[in-house]
Amino acid sequence: MNYNITIRQLTDEFEITTRTLRFYEDQGLLNPSRNGRNRIFCEGDRTRLNLILRGKRMGFSLAEIRTIIDMYEDKSGERQQLEHLQQKINEQRRSLLQKQADIVETLAELDRVEVGCVERVRELDNG
DNA sequence: TTTCTAACA
DNA sequence: TGTTAGAA
């Protein structure tokens with residue numbers, strides 16, 4: 001039921017590096033138990049890693065992911081946890097849409113400047 | 001061989 | 001997060 005796996009097995013399974021796992025631990029997203037100095041990961045850690053990776057796919061920062069996961073594991077107040085996650089999702093969506101709009105604007109500016117360049121070159125060629 | 005910590009051309 | 005040196 002409750003198995004222990006090495007850092008290697010976990011990195012192989014999720015295609016990440018040991019450095020990444022240790023980094024997540026440093027950031028407080030993971031806290032595997034220890035066998036002496038070596039890290040021992042259990043099912044809970046594996047589930048947690050899944051949530052971390054999912055959070056990354058949604059574009060959340062590790063700090064945001066940490067708070068979300070901490071709430072997720074806190075059995076009390078599931079409704080509040082879900083509402084918090086929805087709020088973060090909305091913020092993320094708004095942020096991405098804004099970036100998308102900014103890029104569209106920048107692209108349009110590039111087009112305008114390019115048109116100016118083309119016109120000026122024609123002037124030089126003609127006169 | 002594997003994992004760990006710590007540090008950074 | 002990558003890479004790597006040196007230790008356990």
Side-chain angles (χ1 to χ4, degrees):
Chain A
M1 269 295 200
N2 205 11
Y3 60 100
N4 292 341
I5 50 183
T6 66
I7 191 171
R8 181 64 56 188
Q9 292 174 293
L10 210 49
T11 58
D12 287 344
E13 179 178 350
F14 290 92
E15 298 186 288
I16 55 180
T17 66
T18 56
R19 178 72 180 88
T20 299
L21 239 29
R22 295 180 186 122
F23 181 69
Y24 290 165
E25 182 179 355
D26 284 339
Q27 300 305 303
L29 284 82
L30 245 32
N31 47 340
S33 55
R34 299 277 184 151
N35 171 18
R37 169 183 266 198
N38 292 8
R39 273 163 267 252
I40 299 296
F41 296 86
C42 65
E43 284 183 62
D45 296 318
R46 201 172 152 250
T47 299
R48 225 177 147 82
L49 180 56
N50 250 316
L51 294 174
I52 294 172
L53 268 21
R54 190 187 69 170
K56 283 194 60 183
R57 286 197 297 275
M58 292 190 283
F60 291 131
S61 69
L62 293 185
E64 291 175 316
I65 293 173
R66 187 183 56 198
T67 70
I68 292 172
I69 292 181
D70 286 345
M71 295 186 77
Y72 189 90
E73 292 197 334
D74 177 4
K75 185 60 183 175
S76 66
E78 180 179 3
R79 182 185 196 82
Q80 183 188 329
Q81 295 162 28
L82 293 175
E83 288 174 344
H84 176 267
L85 178 56
Q86 288 183 306
Q87 180 190 322
K88 301 303 289 184
I89 287 175
N90 285 325
E91 289 175 6
Q92 182 66 2
R93 177 181 294 112
R94 215 172 35 164
S95 173
L96 289 176
L97 286 173
Q98 181 60 61
K99 287 179 182 176
Q100 185 180 53
D102 290 344
I103 289 175
V104 168
E105 259 187 66
T106 302
L107 251 22
E109 177 65 10
L110 289 176
D111 286 344
R112 285 194 290 275
V113 173
E114 183 173 44
V115 167
C117 289
V118 171
E119 289 178 347
R120 180 56 182 154
V121 168
R122 275 187 190 144
E123 287 175 15
L124 292 175
D125 287 344
N126 297 328

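Within every chain, numbering begins at 1; the chains are lettered A, B, ... in the order of the sequence lines, protein sequences first and strands thereafter.
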Practice task
Establish, with yes or no, whether the OP1 or OP2 oxygen of B:dT2 is under 4.0 angstrom from a side-chain nitrogen or oxygen of A:T18.
Solution key: no
Exercise for the section: Look at the side-chain N and O atoms of A:R8 and state whether any lies under 4.0 Å from the OP1 or OP2 oxygen of B:dC4. Expected result: no
Quick test of your reading of the model: are [X] and [Y] salt-bridged, counting only N-O distances below 4.0 Å?
{"X": "A:R122", "Y": "A:E119", "result": "no"}
{"X": "A:K88", "Y": "A:E91", "result": "yes"}
{"X": "A:D70", "Y": "A:R48", "result": "yes"}

Nearest 0.5 Å please: distance from the [atom1] atom of [X] over to the [atom2] atom of [Y].
{"X": "A:R22", "Y": "A:E25", "atom1": "CZ", "atom2": "CD", "result": "9.0 Å"}
{"X": "A:L53", "Y": "A:I16", "atom1": "CG", "atom2": "CD1", "result": "6.0 Å"}
{"X": "A:I40", "Y": "A:I5", "atom1": "CD1", "atom2": "CD1", "result": "9.5 Å"}

Can you tabulate the close N/O pairs, meaning under 3.5 Å, that link protein atoms to atoms of nucleotides 3-6 of chain C?
{"unit_1": "C:dT3", "atom_1": "O4", "unit_2": "A:R19", "atom_2": "NE", "d": "2.9"}

Practice task
Please check if the side chain of A:Q9 supplies one atom and the backbone of A:T6 the other of a donor-acceptor pair under 3.5 Å.
Solution key: yes
What is the distance, rounded to the nearest whole Å, between atom [atom1] of [X] and atom [atom2] of [N]?
{"X": "A:R34", "N": "B:dT2", "atom1": "CZ", "atom2": "P", "value": "19 Å"}
{"X": "A:N4", "N": "B:dT2", "atom1": "CG", "atom2": "P", "value": "19 Å"}
{"X": "A:R39", "N": "C:dA8", "atom1": "CZ", "atom2": "P", "value": "17 Å"}
{"X": "A:N35", "N": "C:dA8", "atom1": "CG", "atom2": "C1'", "value": "13 Å"}
{"X": "A:I7", "N": "B:dT5", "atom1": "CD1", "atom2": "C1'", "value": "12 Å"}

Exercise for the section: Count the heavy atoms belonging to other residues, nucleotides or ligands that lie under 6.0 Å from CD of A:E114, then report whether that count exceeds 12. Expected result: no
Exercise for the section: Test A:R66 against A:Y24 for side chain to side chain donor-acceptor pair (under 3.5 Å), laying out the working first. Expected result: CA-CA 9 Å; A:R66 187 183 56 198; A:Y24 290 165; over 6 Å; no
Fill in the blank from the handout: Contact check, residues 50-64 of chain A vs DNA chain B, heavy-atom distance under 4.0 Å, returns none
Handout entry: Pair partner, B:dC4 [Watson-Crick or wobble, under 3.5 Å]
Key = C:dG6
Practice task
Scan A:T6 against the nucleic acid and name what it touches under 4.0 Å (heavy atoms): base, sugar-phosphate only, or nothing.
Solution key: sugar-phosphate
